[in-house]
Amino acid sequence: MKIATYNVNGINARLPRLIEWLDEQKPDVVCLQELKGDGDRLPIKAIEEAGYGGVWMGQKGFNGVAILTPGGDPREYQRGLPGDPEDVQSRYIEAEIGDVIVASIYLPNGNPQPGPKFDYKLAWMERLLARAEELYALERPVILAGDYNVIPTDNDVHSPAAMEDDALTQPESRAAFRRLGAMGWTDALRARFPSGKIWTYWDYQAGAWQRDAGLRIDHLMLSPVAADRLVDAGVDKEYRGREKASDHTPVWIMLAE
DNA sequence: ATGACAGCCTCTGGCTGA
């Protein structure tokens, strides 16, 4: 079972690239982030024609997450991140696919820091940790996949100095992310590649892709039962170099059936 | 110190992103 996460940075702008990737890689579960659209603006029909369908939580202009499967049979398990009824941003959805629970996460960026956006990020991470506790307690295969907007360590960024003041590297952001690990969640890409430099994002600006100046911010966190089934993980890096690419690449895991 | 890219709405500039 191949489960992937892909921040598309605008699903309409990315539609040819997304459908091409679905055709070529044939993932069994796809977590999407940054749809940047809602309602009639979501290309649900085009995705169905490509053989996929699922659960959607869009938002006009920004944010937006979805979980897709071939045949479109995921069951919505949770819509929105619990813990703050005032939060109207579309950043979190869960679905059940067979015995597996998958979450598609678009964690707030938090820049500039300090400031209200950074406060929102940290509060959102507390809510995510609370939800992760609940899911962990189920003792089921659970995958928390998405754009975490956290660079876990200095080994996950091309230039730590360049990102020193960024919300993605702040000690508070990293500490909250580490608490997932302390709880017992496995960072799948790091489990597969314990020490290498692996990027999942390259800025559009300043020739970041050409210089291979990237970040690792898209993560798949596995519950213990899911981690037991992990057989491989990787980054579909080549898609970053194609025409009209997202600034993120797809990241995937392979689980034993 | 600033802007660089890119996508989207308010739409030919402003906002957000990371």
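In the text below, chain A, chain B and the rest are named by the order of the sequence lines, each starting its count at 1. Since the model is a prediction, treat every value here as computed from it, not as a measurement.
The shortest distance between the side-chain N/O atoms of A:Arg14 and the OP1/OP2 oxygens of B:dA6 is not below 4.0 Å.
For the C1' atoms, the distance linking B:dA18 with B:dA6 amounts to 12 Å, nearest Å. Between B:dG7 and B:dA1, the distance separating the two C1' atoms is 26 Å to the nearest Å. A distance of about 13 Å separates the P atoms of B:dC15 and B:dT10, rounded to the whole Å. When the P atom is used for both B:dT2 and B:dG13, the distance is 22 Å, rounded to whole Å.
The aromatic rings of A:Phe177 and A:His219 lie tilted to each other, with the angle between the two planes from 30° to 60°.
Apart from A:Ile97 itself, the hydrophobic cluster it occupies contains A:Met1, A:Ile3, A:Val29, A:Val55, A:Met57, A:Val65, A:Ile67, A:Ile93, A:Val100, A:Val102, A:Tyr106, A:Ile143, A:Leu189, A:Phe193, A:Ile198, A:Leu220, A:Leu222, A:Leu230, A:Val235, A:Val251, A:Ile253, A:Leu255, where clustering links Ile, Leu, Val, Met, Phe, Trp and Tyr at side-chain heavy-atom distances under 4.5 Å. Apart from A:Trp199 itself, the hydrophobic cluster it occupies contains A:Trp202, A:Trp209, where clustering links Ile, Leu, Val, Met, Phe, Trp and Tyr at side-chain heavy-atom distances under 4.5 Å. In this structure, A:Val231 belongs to a hydrophobic cluster whose other members, linked by side-chain heavy atoms under 4.5 Å apart, are A:Trp252, A:Met254.
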Can you give me the N/O atom pairs linking the protein to nucleotides 15-18 of chain B at distances under 3.5 Å, or say none if there are none?
from: B:dG17; atom 1: OP2; to: A:Lys117; atom 2: NZ; distance (Å): 3.3
from: B:dG17; atom 1: O3'; to: A:Tyr106; atom 2: OH; distance (Å): 3.3
from: B:dA18; atom 1: OP1; to: A:Glu34; atom 2: OE2; distance (Å): 2.9
from: B:dA18; atom 1: OP1; to: A:Tyr106; atom 2: OH; distance (Å): 2.9
from: B:dA18; atom 1: OP1; to: A:Asp147; atom 2: OD2; distance (Å): 3.4
from: B:dA18; atom 1: OP2; to: A:Tyr106; atom 2: OH; distance (Å): 3.0
from: B:dA18; atom 1: OP2; to: A:Asn149; atom 2: ND2; distance (Å): 3.0
from: B:dA18; atom 1: O5'; to: A:Asn109; atom 2: ND2; distance (Å): 3.3
from: B:dA18; atom 1: O4'; to: A:Tyr201; atom 2: OH; distance (Å): 3.3
from: B:dA18; atom 1: N9; to: A:Asn109; atom 2: ND2; distance (Å): 3.3
from: B:dA18; atom 1: N7; to: A:Asn109; atom 2: ND2; distance (Å): 3.3

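In this structure, CG of A:Leu42 is placed 15 Å from C1' of B:dG7, rounded to the nearest angstrom. Between A:Asn12 atom CG and B:dA6 atom P the separation is 18 Å, expressed in whole Å. Straight-line distance from the CD1 atom of A:Ile11 to the P atom of B:dC8: 11 Å, rounded to whole Å.
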Distance-only donor-acceptor hits, side chain of residues 116-125 of chain A, under 3.5 Å, sequence neighbours excluded:
from: A:Tyr120; atom 1: OH; to: A:Asp87; atom 2: OD1; distance (Å): 3.0
from: A:Tyr120; atom 1: OH; to: A:Asp87; atom 2: OD2; distance (Å): 3.0
from: A:Lys121; atom 1: NZ; to: A:Pro108; atom 2: O; distance (Å): 3.4
from: A:Lys121; atom 1: NZ; to: A:Asn109; atom 2: O; distance (Å): 2.8
from: A:Lys121; atom 1: NZ; to: A:Asn149; atom 2: O; distance (Å): 2.5

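Within 4.0 Å (heavy atoms only), A:Lys121 reaches no atom of the nucleic acid at all.
For A:Asn12, there are no side-chain hydrogen bond (donor to acceptor under 3.5 Å, both in side chains) partners, not counting sequence neighbours.
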